[in-house]
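What follows is one structure encoded as C-alpha cells, with my remarks underneath.
The basis for the numbers below is simple: all heavy atoms, side chains too, and nothing from hydrogens, waters or symmetry mates. We count residues from 1, following the sequence as given.
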Amino acid sequence: MALSEQEQIRRQKLAELRKLNINPYPAEGFDVDATTASIKSNFEEGKQVNIAGRLMARRIQGKASFAELQDSEGRIQVYFNRDEMCPGEDKTLYNEVYKKLMDIGDFVGIKGELFKTKVGEMTVMVKDMQLLSKSLKPLPLPKTDADGNVHDGFTDPEQRYRQRYADLVVNPHVKEVFKKRTKLYTAMRTFFNDRGYFEVETPILQAIPGGAAAKPFITQHNALGIPLYLRIANELYLKRLIVGGLDGVYEFSKNFRNEGMDRTHNPEFTAMEIYVAYKDYNWMMEFTEQLLEYSAKEVNGTTKATFGEHEIDFKAPYARVTMRDAILEHTGFDINGKSEEELRAAALEMEIEVDETMGKGKLIDEIFGEKCEAKYIQPTFITDYPKSMSPLTKEHRDNPELTERFELIVCGKEVANAYSELNDPIDQRERFEEQMALLDKGDDEAMFIDQDFLRALEYGMPPTAGLGIGMDRLIMYLTNQQSIQEVLFFPQMKPEKKAPEVSEDAKTVLDLLKSAEKIELSALKDQSGLSNKKWDKAIKELTKNELAKVEKTEDGLWVNLI
C-alpha cells in the first residue's frame, strides 16, 4: 500500500510518541463529565471539566495555542498554554507532544477549566491532556480562503457514502438526518406501544421468500444442506402470530431484494409492518393518517415537511382515489373488466415497456406507475386494487374483481401499503397457485407457495388489517433528502475501483482537468507547462487509464474527465 507524504509523516510521529513511552492507543478509558453542548448550555466561569474529542483546528503561537475540539455534539475552543499544562520543569507534553507530534484528527482527553476570552468566546483552559487515539490518515477537511470561500469540501456523494466515517466528522450536519431517523422510530414505537401493540422479531433467513412480489437473495445453509432466502418481507410470519392469538404485532425489519439501485431503492432497506386483529383497511387508513401526523410532529415539530420544490402536509385526513379512477383520470383508459391482452395492448399504445411474462396485475401496475403515480404529491391513498395485483389481500366486499388494499403515495412514490388481510385459506391457496403460474411464465418476482402459512390459516385467522411502511423513503421526505443513500449510514455501493498509478506529469494534468472538468486541449497543454514530449505521454496515459477523454467538436478538441 503506497502511503502519501502526510501518512508517512504521521507514522513517524507515531514512532516518536512510543519512544517517549506514550501509548498512542491506550487501553484505559477517559472519565468524561462534560460535552461541548453541556458546557455551552450551562457555562460557569472557573468550572473544572473533563472533555474528550477530536482536534479539528490549531493556531500555535509559541508558548500558547488555540484549538478546536469536536465531540458528538459540536465544537468548542480549547486553549493550550505551556506553563498551565506543564507547571514544572518538564515541558515535554506541550513542546514535543502537543506542538510536534499531534495532528488534526487526533482524539484527546482534556482536563481543564472554563473561561471566556476577551471577545467573549467560551473556552476550556487545558490543565492536562491525554492522547487517546493517533490519527494516521489526514481528514478530508475543506479549506477556507481569506475571502471566506470554501475549497476542497468533502462533497462528492460516492466518496461520502463509501467513507461515512469521514463524512460524519467533516460534515457534522449529516448527523442531523440520522438523529431525526431515530426520532421517527421512537415516535412510531410510542404510538404503537401506547395502543397496546406488541413489538416482535421474525426470521431473516427464510425457507420460502414470501410476503411480497420481489426477487430474493439466495444463500446456503451448510449444516442443513438447504438453500435459504434473505427476507423480502416479514408479512407471513407476523400473520402467523395473529393466528397464534396476538391481537396487534409490529416489527421494524431489515428486508433484502435482489433488484437495481437508484435514488429511491437500496437492495437492503428497512420496513415497518404492523398487523391488528378485528380491523379492516378502512380502519387502517385512519390509523395511518394518525400515525404519520403524530410522527411528523415528533420529528420536525410540525406536520409540514419540505421535499425539493414541494411542501408536504402530513396532517389528516388524506385524499382517497381508487386505482381505476386514477388510471381513468390520467390516461382516459378504463381498466375495469379488461383482459390481459387488452391491458397489454393499452400499455403498448401508451408507449409503456411491457413483456409477455407480465400478468394483469403487473400490467396495471406498470400503467399506474408510468402514467399516474407522479401526479400525487400530497399524501394520497390509492385504493381498491385489482385482485391479480394483490395475492395476499381480501376480496373487496362490493366487487369481486377488486381487493381491499391501499397504497399511500407521497411526492409520486409509494410510502405505505396496506390490506384487509386475506384469511380464507382456500382462496389464499388459489392465489398462490396463480402466482406459481406467473413464475412458470418467467416472472422472477412472483410469489412462492408457503405451505406452512396455508396450514396456519387453516387453524383460523381473525379479520385483520396490515400496514407496511418504507422507513427509508419516509425519512427522506421528513428530512428533504433526494437520495435514499443520504438516509442510510452505509448504502450499498458498486465495488470501489482502485485508482490507477500514473506519472507525476499525468497527475499535474489531471489536477488541472479536475478544477475545470472540461477544457480545450490546447489550453490544457498551455496550463500544464509540459514539453511536447511530456505532454503527449501524459495525455495518452490519462486516456489509456480511462481517467480522461478527448472529444472532437465543431469548436475544436476538448478534454473531459471520465
Does any donor atom in the side chain of Glu551 or Asn560 lie under 3.5 Å from an acceptor atom in the other side chain? yes
Parallel under 30°, tilted from 30 to 60°, perpendicular over 60°: which one fits the rings of Phe217 and Phe256? perpendicular
Is it true that the NZ or CZ of Arg240 lies under 6.0 Å from the centre of Tyr237's six-membered ring and within 45 degrees of the ring axis? yes
Is a side-chain N or O of Thr302 found less than 3.5 angstrom from the main chain of Lys304, in a donor-acceptor match? yes
Over 60° means perpendicular and under 30° means parallel, so classify the ring planes of Phe192 and Phe252, tilted if in between. tilted
Which of parallel (below 30°), tilted (30 to 60°) and perpendicular (above 60°) describes Phe191 and Tyr294? tilted
Please check if any side-chain donor atom of Arg189 sits under 3.5 Å from a side-chain acceptor atom of Tyr185, or the reverse. no
Are the side chain of Arg405 and the backbone of Met389 linked by a donor-acceptor contact shorter than 3.5 Å? yes
Ion pair Glu289/Arg320, N-O distance below 4.0 Å: yes
Lys NZ or Arg CZ of Lys338 over Phe333 ring: under 6.0 Å, within 45°: yes
Is the gap between the ring centers of His310 and Tyr477 under 6.0 Å? no
Among residues at least two apart in sequence or on other chains, which ones pass salt bridge (charged side-chain N to carboxylate O under 4.0 Å, His left out) with Glu351? none
Taking Arg431 first and then Glu434, would you say they form a salt bridge - that is, a charged N and a carboxylate O separated by under 4.0 Å? no
Does the distance from a Lys or Arg side-chain N to an Asp or Glu carboxylate O, for Lys387 and Glu395, drop under 4.0 Å? yes
Ion pair check, Asp280 and Arg397, cut-off under 4.0 Å: yes
Taking only Lys NZ, Arg NE, NH1 and NH2, and the carboxylate oxygens of Asp or Glu, determine whether Asp355 and Arg344 approach each other closer than 4.0 Å. no
Would you check, one step at a time, whether the test side chain to side chain donor-acceptor pair (under 3.5 Å) holds for Thr36 with Asp71? CA-CA 7 Å; Thr36 55; Asp71 63 11; 2.7 Å; yes
Considering only NZ, NE, NH1 and NH2 on the basic side and carboxylate oxygens on the acidic side, decide whether Glu68 and Arg75 come within less than 4.0 Å. yes
Would you say the side chains of Gln482 and Asn480 form a donor-acceptor pair under 3.5 Å? yes
Could you tell me if the side chain of Glu370 sits less than 4.5 Å from the side chain of Met350, heavy atoms only? no
Check this for me, if you would: do Asp365 and Lys362 make a salt bridge, where the nitrogen-to-carboxylate-oxygen distance has to be below 4.0 angstrom? no
Looking only at atom types and distance, does a side-chain atom of Glu268 sit under 3.5 Å from a main-chain N or O of Gln492, one as donor and one as acceptor? no
Just checking, is any N or O donor in the side chain of Ser483 or Glu486 under 3.5 Å from an acceptor N or O on the other one? no
For Phe406, which of Tyr385, Phe381, Phe287 qualifies under ring-ring contact (aromatic ring centres under 6.0 Å, His included)? Phe381
